[in-house]
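Report on the following structure.
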There are 2 protein chains.
Amino acid sequence: MGQVKYIKIADEIRNRITRGHYPPDQAIPDEMSLAKEFGCSRMTMKKALEVLVLEGLLYRKRGHGTFILQSSLQPDQVNVLSGETIGLTASAKGRQVTSQVIAFHVDFPDPEVAKHLSIDQETPVYHILRLRFVDGEPYVMERTYMPSPLITGINEEVLKGSIYQHIQENLGLTISSSHKMIRADKPHELDQKHLACTPDDPILEVEQVVYLSNGTPFEYSFARHRYDKFVFTVINIQRPQ
Amino acid sequence: MGQVKYIKIADEIRNRITRGHYPPDQAIPDEMSLAKEFGCSRMTMKKALEVLVLEGLLYRKRGHGTFILQSSLQPDQVNVLSGETIGLTASAKGRQVTSQVIAFHVDFPDPEVAKHLSIDQETPVYHILRLRFVDGEPYVMERTYMPSPLITGINEEVLKGSIYQHIQENLGLTISSSHKMIRADKPHELDQKHLACTPDDPILEVEQVVYLSNGTPFEYSFARHRYDKFVFTVINIQRPQ
DNA sequence: TAGTGGTCTAGACCACAGA
DNA sequence: CTGTGGTCTAGACCACTAC
């Protein structure tokens, strides 16, 4: 769990909300009361509540109070991916994720790949093509590029499981952010073959660059999803002015 | 512009970054130096930089410094929508947005619409169907539901422009957040007719609930986009632990 | 050891809402 | 007027990085 105080407080309040500890139709206690209860300053309390606002559980109204967003209590359908988690293995919690390696080799990157990975064309890159299953159903086809000098120790064994788990646990690297571009597309032949879809079944494609905590991009990928098995959810909070 | 200090500082630093004021391959000045330059406390400086981190312009490394994310300097293609702006009129800056009203009437909501707008089925709701053009090209078909007692003064004139502008400027309401679900779909007949697409052209659909700053949902909508004219971009920063 | 960002504090003042 | 959240401060200590 979070070793940091504001994360621990946010975790506790999130639990209270989802377990119905606070009446959903009135304000939760004010910042000062909560700060006193949790033995922290008001600023720290504010930071904890800010986490839950960004998750879409709470909204706050100056001069009024902090309230539970009704929609957060409705069991939103499958909710396959949120803006928060990275990686299919982490997203499909409780369901079994398996992977079939279709292609795996090392090559020099083309200019587009090199550009997104911020490397030159002389740096070798893993080319990985995986078909991924959730509970045995074909779910997504992932084409992934990673600089091989940076992400070491990739082999068939790793590819059958979770690359992200390998990066974090075996390589000790920290994943920090991702930039995604989401679009619809027509199915390629490869999609039709492996995702078992017809020529008029659309594909939802997620193009992504993922960064380590030192700012280095380590993954450039295209994930192509069956249109009937994937919804991408995003929560957007406006900044003042 | 932002009347708030940290927003104004963020605006200034954003300008410096995009104009190349800071060398892109080394750290920008540290928090204390910047705080001194802008005449603010270190906490305020941190808050300003946090804004730019969330926008994907900067990344920060404890014990190391604050750096410009290379990818933010590359002129990312069209970048039609980011997680930040709400509303087509605001997204398609510099391009001409026009709207054609296909249907517009008031009715009672079905249970699904009522649920997402947090109203009962006796509250009348605007049903709006608009085709929207960017620079004269058909771009997106929007089906929108809004509670008519809440969003007043909607007429053909407003619908041909920007509803959001009407809500903010004429009604004085503040839009605060949105929850989006993005998926691919096959084109309906209505899509094919108005978006000028063929039966095998996919559609990118954005289902959305938009909230006022008092937490009231005021819009439930489905925006159906031509697959070749819309990319949805999302930036995701991981929280510690 | 020096320098960086991350967290946390105690308190101040401001902006906004409702009685 | 009171109470709410929003901002800002000056300073402390901690965690991590590089030298």
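Just so it is clear: chains get the letters A, B, ... in the order the sequence lines come, proteins before strands, and each one is counted from 1.
- Contact between the side-chain N/O atoms of A:S41 and the OP1/OP2 oxygens of C:dG11 is not found at any separation under 4.0 Å.
- If you take NZ of B:K36 and P of C:dG3, they are 13 Å apart, rounded to a whole angstrom.
- Contact annotation: B:K47 side-chain N/O to D:dC8 OP1/OP2 distance is not under 4.0 Å.
- Checked by atom type and distance alone, the side chain of B:H116 never pairs as donor or acceptor with a backbone atom of B:Q208 at under 3.5 Å.
- Under 4.0 Å is where a charged nitrogen must lie from a carboxylate oxygen, and between B:E207 and B:K180 no such pair does.
- For A:R60 and D:dT4, the shortest distance from a side-chain N or O to OP1 or OP2 is not below 4.0 Å.
- Look at CE on B:M45: it is 17 Å from P on C:dT7, rounded to the nearest Å.
- Protein atom CD of A:E31 is 14 Å distant from nucleotide atom C1' of C:dC14, rounded to whole Å.
- Electrostatic pairing of B:E55 and B:R14 counts as a salt bridge here, judged by a charged N lying under 4.0 Å from a carboxylate O.
- Two residues are said to be in side-chain contact when any heavy atoms from C-beta on lie closer than 4.5 Å; B:Y211 and A:Y59 fail this criterion.
- Rounding to whole angstrom units, CG of residue A:L52 and C1' of D:dG5 are separated by 15 Å.
- Dashed line: the shortest gap from a side-chain N or O of B:R42 to OP1 or OP2 of D:dG11 is not under 4.0 Å.
- Regarding A:M43, its CE atom lies at a distance of 13 Å from the C1' atom of C:dC13, rounded to whole Å.
- Minimum atom distance to the side chain of A:R62 is reached by D:dG6, of the listed D:dT17, D:dG6, D:dA15.
- Between the CD1 atom of A:I28 and the P atom of D:dT4 there is a distance of 12 Å, rounded to whole Å.
- The phosphate of C:dT9 (OP1 or OP2) has a side-chain N or O of A:T44 nearer than 4.0 angstrom.
- Note on B:K61: every side-chain N or O is 4.0 Å or more away from OP1 and OP2 of C:dT4.
- Between A:E31 and A:K47 no salt bridge is recorded (no basic side-chain N to carboxylate O distance below 4.0 Å).
- Note: CG (A:D30) to C1' (D:dG3) measures 8 Å, nearest angstrom.
- Close to D:dC8, at under 4.0 Å from its OP1 or OP2, lies no side-chain N or O of B:K46.
- Between the P atom of D:dC8 and the OH atom of B:Y6 lies a distance of 7 Å, rounded to the nearest Å.
- Contact annotation: B:T66 reaches the phosphate of C:dG5 (side-chain N/O to OP1 or OP2, under 4.0 Å).
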